[in-house]
Q: 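What follows is a structure written as structure tokens; I'll ask about it next.
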Amino acid sequence: MQEDFPITIATWNFPNASKRAGELLAAGATALDAVEQGVMVEEANLKNTTVGKGGAPDRDGNVTLDACIIAPDGNAGAVVYLKNNTHAVSVARKVMEETPHVMLAGEGADQFAREKGFEKENLLTPSSEAAYNEWLKKKEYKPIINIENHDTIGMLCIDKNGDLAGACSTSGLSYKMNGRVGDSPIIGSGLFLDNEVGGAVATGMGEAIMKNVSSFLVVELMRQGNSPQEACETAVKRIIDKNPNYKEFQAAIIAINKKGEIGSYCIQKGFSYVKYQNNTNTNISSKYYM
Ligand code: SD4
């Protein structure tokens, strides 16, 4: 069945982000503008310790952000290890639109952001610094993921014209190794879409998601005729099959097809996603394996 457009879906329960995107879409914004603006809400949310400013630092105290964005025409941009700007998604969009490249990393991403007029910011907030100092007492390197409902934001928007765009933004695993990059900015892993088919975005243990190129897999399964739900289940089960330790981490994927049908699946109980449609936000618990 064809759903009413526009539709926004996003990982976890980020109602302000989905509302912002949904309201822009209702006013006629493109999916690309809506997805960027929606994700920016969470990047600026200081209480979210896994996205943007206020994100947890790595184990050496650096806050480093990863993000990507994909436009309906398949164009894509990404930044990894971005250190001095809250809105990684906007820098990723500039990479997409104003360079011949897809991804910029570290110092190069930083230099590019300055050149494009993004002012240098300090992403470590007093409370994330305090939490880091607490962590330093034990320095336990044990990335526990998705235990609480504050996490990576991945968003997919279908606009009034039926066009699809997506974005994903994160500070990655808390107290990760310096230099570690997860799935979120990797086209095909953390996010993928094909405007003829649909889109998918992932959250959870980036290493497992990257090794299985999970978002690309979901879109290709939908291309072959699977529903978004079937596609998400197959992709998460692939991760489970390849990881004997799957009980120790979370991986979750949400997907939408061109009709606006939605699916989601994850390993462990506790993951939800938010949908904004017809002026209403709904938080929906995902089906899960365990
Ligand atoms: C990462 N996938 O960096 C991200 C983290 C995440 O829920 O999604 N956490 O591995």
Side-chain angles (χ1 to χ4, degrees), residues 11-12 14 39-40 42-69 77-92 95 103-114 118-154 167-187 189-191 201-211 245 248-252:
T11 53
W12 303 101
F14 296 131
V39 165
M40 284 171 73
E42 227 28 65
E43 289 178 332
N45 176 4
L46 301 186
K47 292 200 180 120
N48 185 331
T49 58
T50 50
V51 180
K53 188 164 183 164
D58 66 21
R59 62 188 187 181
D60 297 324
N62 312 294
V63 181
T64 67
L65 306 183
D66 300 335
C68 72
I69 189 162
V79 287
V80 304
Y81 201 90
L82 184 76
K83 257 177 143 175
N84 296 301
N85 286 96
T86 301
H87 295 301
V89 70
S90 302
V91 184
V95 173
M103 183 180 285
L104 291 178
E107 276 179 33
D110 212 54
Q111 183 185 336
F112 174 73
R114 292 300 84 69
F118 293 87
E119 276 178 29
K120 191 170 178 174
E121 300 169 72
N122 175 14
L123 303 183
L124 193 66
T125 58
S127 79
S128 53
E129 190 170 12
Y132 170 64
N133 286 333
E134 201 50 44
W135 176 81
L136 276 178
K137 289 181 186 161
K138 283 194 185 156
K139 282 195 180 178
E140 204 178 358
Y141 192 58
K142 195 169 143 201
I144 300 174
I145 201 143
N146 295 348
I147 304 301
E148 49 175 29
N149 277 357
H150 297 277
D151 246 294
T152 295
I153 182 158
C168 190
S169 184
T170 190
S171 54
L173 299 181
S174 302
Y175 317 127
K176 60 196 177 184
M177 283 178 70
N178 183 18
R180 182 266 184 191
V181 171
D183 61 308
S184 303
I186 310 296
I187 306 302
S189 289
L191 174 69
V201 65
T203 177
M205 185 56 84
E207 282 69 11
I209 296 162
M210 271 194 275
K211 284 187 246 180
N245 66 335
E248 290 161 24
F249 63 88
Q250 175 68 297

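In this text, all values refer to a predicted model and were calculated from it rather than measured experimentally.
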Q: Return the minimal non-hydrogen interatomic distance between Leu124 and Gly61, and the atom names on each side.
A: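 Closest pair (atom of Leu124, atom of Gly61, distance): CD2-O, 4.3 Å.
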Q: Report yes or no: does Thr170 contribute a side-chain atom to a donor-acceptor pair with the main-chain N or O of Thr50 at less than 3.5 Å?
A: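 Judged by distance alone, yes, a pair lies under 3.5 Å.
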Q: Please give me the minimum heavy-atom distance between Gly190 and Cys168, naming the atom from each residue.
A: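 Closest approach of Gly190 to Cys168: O-SG, 4.3 Å.
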Q: Determine, stepwise, if the pair His87 / Asn85 fulfils side-chain contact (heavy atoms from CB on, under 4.5 Å).
A: CA-CA 6 Å; His87 295 301; Asn85 286 96; 6.0 Å; no
Q: Evaluate Met40 against Thr86 for side-chain contact (heavy atoms from CB on, under 4.5 Å), listing each step before the verdict.
A: CA-CA 8 Å; Met40 284 171 73; Thr86 301; over 6 Å; no
Q: Shortest non-hydrogen contact from Val89 to Ala167?
A: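 Heavy atoms of Val89 and Ala167 come nearest at CG2-CB, 3.8 Å.
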Q: To check you understand the geometry: which heavy-atom pair defines the closest contact between Ile186 and Met210, and what is its length?
A: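 The answer is CG1-SD, 4.1 Å.
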Q: Could you name each residue pair satisfying salt bridge (charged side-chain N to carboxylate O under 4.0 Å, His left out) that touches residues 176-187, not counting sequence neighbours?
A: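 Those involving residues 176-187 are Arg180-Glu207.
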Q: List the atom of Leu82, the atom of Val91, and the distance in Å for their closest heavy-atom pair.
A: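 Closest pair (atom of Leu82, atom of Val91, distance): CD2-CG2, 4.1 Å.
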Q: Can you name the closest pair of heavy atoms from Leu65 and Ser171 and give their distance?
A: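 That closest heavy-atom pairing would be CD2-CB, 3.7 Å.
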Q: Output yes when a side-chain donor or acceptor of Thr11 lies under 3.5 Å from a complementary backbone atom of Thr152, and no otherwise.
A: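 It does hold such a pair.
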Q: Using a distance-only test with no angle check, is there a side-chain donor-acceptor pair under 3.5 angstrom linking Asp66 and Thr64?
A: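 Side chains of Asp66 and Thr64: no pair found under 3.5 Å.
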Q: For Glu107, give me all partners under side chain to side chain donor-acceptor pair (under 3.5 Å), at least two apart in sequence or on another chain.
A: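 For Glu107, no residue satisfies side chain to side chain donor-acceptor pair (under 3.5 Å) once neighbours in sequence are set aside.
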Q: Passes side-chain contact (heavy atoms from CB on, under 4.5 Å), Asn178 versus Asn62? Steps please.
A: CA-CA 8 Å; Asn178 183 18; Asn62 312 294; 3.6 Å; yes
